[in-house]
Structure formats: C-alpha cells, structure tokens
Amino acid sequence: MRILITAGPTREYVDDVRFLSNASSGRMGYSIAEASIKRGHEVVLVTGPVELSPPSHVEVHRIETTGELRAKCLELFPLCDGVIATAAVCDYRPRERFVGKMTKTGRPIVLELVETSDVLAELGASKAHRWVVGFALESQDPRTNAMRKLRMKHCDCIVLNDTTAISSLDNHVEILSPDATTIAEFQGSKKAIAAELIEFVESSIALQHDC
Ligand code: CTP
C-alpha cells in the first residue's frame, strides 16, 4: 500500500520569530512510518518540525503551519490508499501575523486566535475508496470525545490515547471502531505499538477497502 502519515506538531506564527505550538515529539508517526516500510509499504510522511530523522525509503514533506499541512495532504492523499494522522495540529492561529518582530509595549497585549482548518476532517470528507485512521488525544471523557472525532472526520477507526503520550517513549492505545467498540488495544513502546498498529490496519481496515 501507499500510506500517507502525518506527524509532529504544527506551528502558528505570532510574528516572524515567535509561534504557538505543542510538545509533540513526532515519535508515534515516525515509528509508524518505519514499521510500514518494514512491512513493505510505500510511505509518504508529512511532518512538522521534530528532532527525529525520518526512516530510510520514506518520501518526506516538511511543513510548519496547519495551512501547509492541509495543502500538502490535499495534494498527496489522492495518490495514497489511506492516511494515518498522528500530527498534533494547532487548532488556533493568531488572526494577524505581525510582519517583523513585535516589540514590548510595557502593557498587556491580547492575541486574537481563530480556528485553523481541520485537515483530517477534510481528508475524511473526500476519502472515496481510501481508508482513514485518526488519532484522538484526550484528557476528559475520552471515549465520547474520540467517537465524536471519528464520526466528524469520517474515520474507519480512531486510536485513542491520553495526554501522557505527547512527549513520551511509551504509550497505551485503544482502537475504536465506528460502532464504538474497542477492536484492539496495544501497550508498550511507541515502536512496538506502531508495528502492531500497521499489522492491524493491513488485516482489518485496509482489507475492508480491498487495499
Ligand atoms: N487533526 C487534523 N487537523 C486539525 C486537528 C486535528 O488533522 N486541525 C487530526 C489529528 O492529527 C488527529 C485527529 O484529527 O488525527 C484528532 O486530533 P485531536 O487533536 O485529538 O482533536 P481535535 O480535532 O483537534 O479536537 P480537540 O482539540 O477539540 O480535542
């Protein structure tokens, strides 16, 4: 299969030197990319800024902002069989990006934030015969929120993890199906989870799509 994987954080710039972002290490997405290559798949990795080196034989596209992530994914998804979306996407960006570097005023300032595009929701809405695997990072009411995201983003399944996953080496994930049942559960290093996840996608999700 040819698999699109999104990974790492996005950044939303306040001015030319400052940005809003999050602590995503990119480790989950990079581990899935590596596991997919080992299983003989082609991987297209769209990645935010992280400190990891991409695995060999992966087609890498580097992005910073959510807008760039969106543009790359919309271009590349039609050429793939499915997407695994691990990116920790900034949901808000400053309404205005200040040109140059803002200087101190001696008074509080207010940043007005507006929502960014929901990239996975757009991919899900246009998926046709392709499969879509989302990730949900939850701190409250995890199953309800994960199921809401699965439906909103037209996912074939969603990988639920909690906020301790964000910069850790290990993880514990539950995979939820569209009928809200837990169809798999994996625990251990992100590398071990990635290997199990890609085999699960092959044997379950992709099979239903004749990939
Ligand atoms: N995602 C995306 N574009 C966004 C936000 C999220 O593509 N603007 C993707 C993520 O890569 C992940 C899934 O959607 O696969 C869920 O991301 P998550 O951050 O858990 O949820 P949000 O949709 O951002 O909702 P909220 O922050 O309100 O929990």
Side-chain angles (χ1 to χ4, degrees), residues 1-10 24-50 52-63 66 68-89 117-137 146 149-150 153-161 165 171 173-178 183-184 186 188-211:
M1 287 188 287
R2 186 170 168 82
I3 305 174
L4 176 63
I5 299 174
T6 70
T10 60
S24 168
S25 65
R27 206 168 277 121
M28 194 69 243
Y30 278 54
S31 298
I32 296 169
E34 192 175 358
S36 304
I37 291 288
K38 280 192 187 146
R39 296 286 301 170
H41 301 295
E42 287 177 42
V43 174
V44 181
L45 178 67
V46 181
T47 175
V50 295
L52 304 170
S53 306
S56 313
H57 311 299
V58 166
E59 179 184 318
V60 182
H61 299 265
R62 295 181 199 280
I63 56 89
T66 307
E68 290 165 1
L69 174 74
R70 175 181 180 271
K72 265 295 154 210
C73 287
L74 292 180
E75 173 195 329
L76 297 166
F77 188 48
L79 309 172
C80 294
D81 296 300
V83 58
I84 304 178
T86 71
V89 183
S117 320
D118 191 320
V119 179
L120 191 60
E122 281 194 62
L123 299 184
S126 67
K127 70 179 182 177
H129 60 281
R130 290 172 205 87
W131 49 264
V132 171
V133 176
F135 268 65
L137 190 69
K149 290 176 193 176
L150 178 150
K153 299 172 199 251
H154 306 277
C155 298
D156 296 281
C157 68
I158 196 150
V159 182
L160 168 60
N161 48 183
N171 204 355
V173 304
E174 244 181 276
I175 303 184
L176 305 179
S177 68
I183 39 176
F186 307 128
S189 69
K190 287 184 177 172
K191 276 185 188 292
I193 291 177
E196 291 190 279
L197 178 65
I198 197 65
E199 287 186 38
F200 167 82
V201 169
E202 286 169 14
S203 63
S204 174
I205 306 299
L207 259 195
Q208 292 161 18
H209 289 74
D210 292 327
C211 295

- Side-chain touch Tyr30/Val58, heavy atoms, less than 4.5 angstrom: no
- Rounded distance [0.5 Å steps], OG in Ser177 versus CD1 in Ile183: 5.0 Å
- Message: Tell me the closest heavy-atom pair linking Cys155 and Leu120, and the distance in Å.
- Response: SG-CD2, 4.0 Å
- Compare every heavy atom of Ala7 with every heavy atom of Ala87, then report the nearest pair and how far apart it is. CB-N, 3.8 Å
- Donor-acceptor pair, Arg39 side chain versus Glu199 backbone, under 3.5 Å? no
- Message: Measuring from atom CD1 of Ile32 to atom NZ of Lys191, what distance do you get when rounded to the nearest 0.5 angstrom?
- Response: 12.0 Å
- Message: Return the CG to CZ distance between Leu4 and Arg130, rounded to the nearest 0.5 Å.
- Response: 10.5 Å
- Hey, are the side chains of Ile158 and Pro178 touching, using non-hydrogen atoms and a 4.5 Å cut-off? no
- Item | From Lys72 atom NZ to Thr6 atom OG1, the distance as rounded to the nearest 0.5 Å | 14.5 Å
- Side-chain contact test, heavy atoms from C-beta onward, threshold under 4.5 Å: evaluate it for Glu122 versus Leu74 and give yes or no. yes
- Message: I need the minimum non-hydrogen distance between His154 and Gly124, along with the two atoms involved.
- Response: CB-O, 3.6 Å
- Step by step, would you call Ile198 with Ile84 a side-chain contact (heavy atoms from CB on, under 4.5 Å)? CA-CA 10 Å; Ile198 197 65; Ile84 304 178; 4.1 Å; yes
- Item | Donor-acceptor side-chain pairing of His41 and Glu202 below 3.5 angstrom | yes
- Distance from Lys149 atom NZ to Leu160 atom CG, nearest 0.5 Å? 9.0 Å
- Query: Leu45 and side-chain contact (heavy atoms from CB on, under 4.5 Å): which partner among Ile3, Ile5, Leu76?
  - Reply: Ile5
- Item | Minimum heavy-atom distance Cys73-Pro78, with the two atoms named | O-CD, 4.3 Å
- Item | Ser126 side-chain N/O to Leu123 backbone N/O, donor-acceptor pair under 3.5 Å | yes
- Query: Can you tell me how far the CZ atom of Phe186 sits from the CD1 atom of Ile175, to the nearest 0.5 Å?
  - Reply: 4.5 Å
- Stepwise side-chain contact (heavy atoms from CB on, under 4.5 Å) test for Val132 and Phe77: CA-CA 10 Å; Val132 171; Phe77 188 48; 4.1 Å; yes
- Message: Salt bridge or not between Arg2 and Glu59? Use side-chain N to carboxylate O under 4.0 Å.
- Response: yes
- Minimal non-hydrogen separation, Asp156 against Trp131, with atom names: OD2-CA, 3.3 Å
- Query: Considering only heavy atoms from C-beta outward, does the side chain of Met28 approach that of Ile193 to under 4.5 Å?
  - Reply: yes
- Over all heavy atoms of both residues, which pair between Thr86 and Gly29 is shortest? Give the atoms and the distance, please. OG1-CA, 3.3 Å
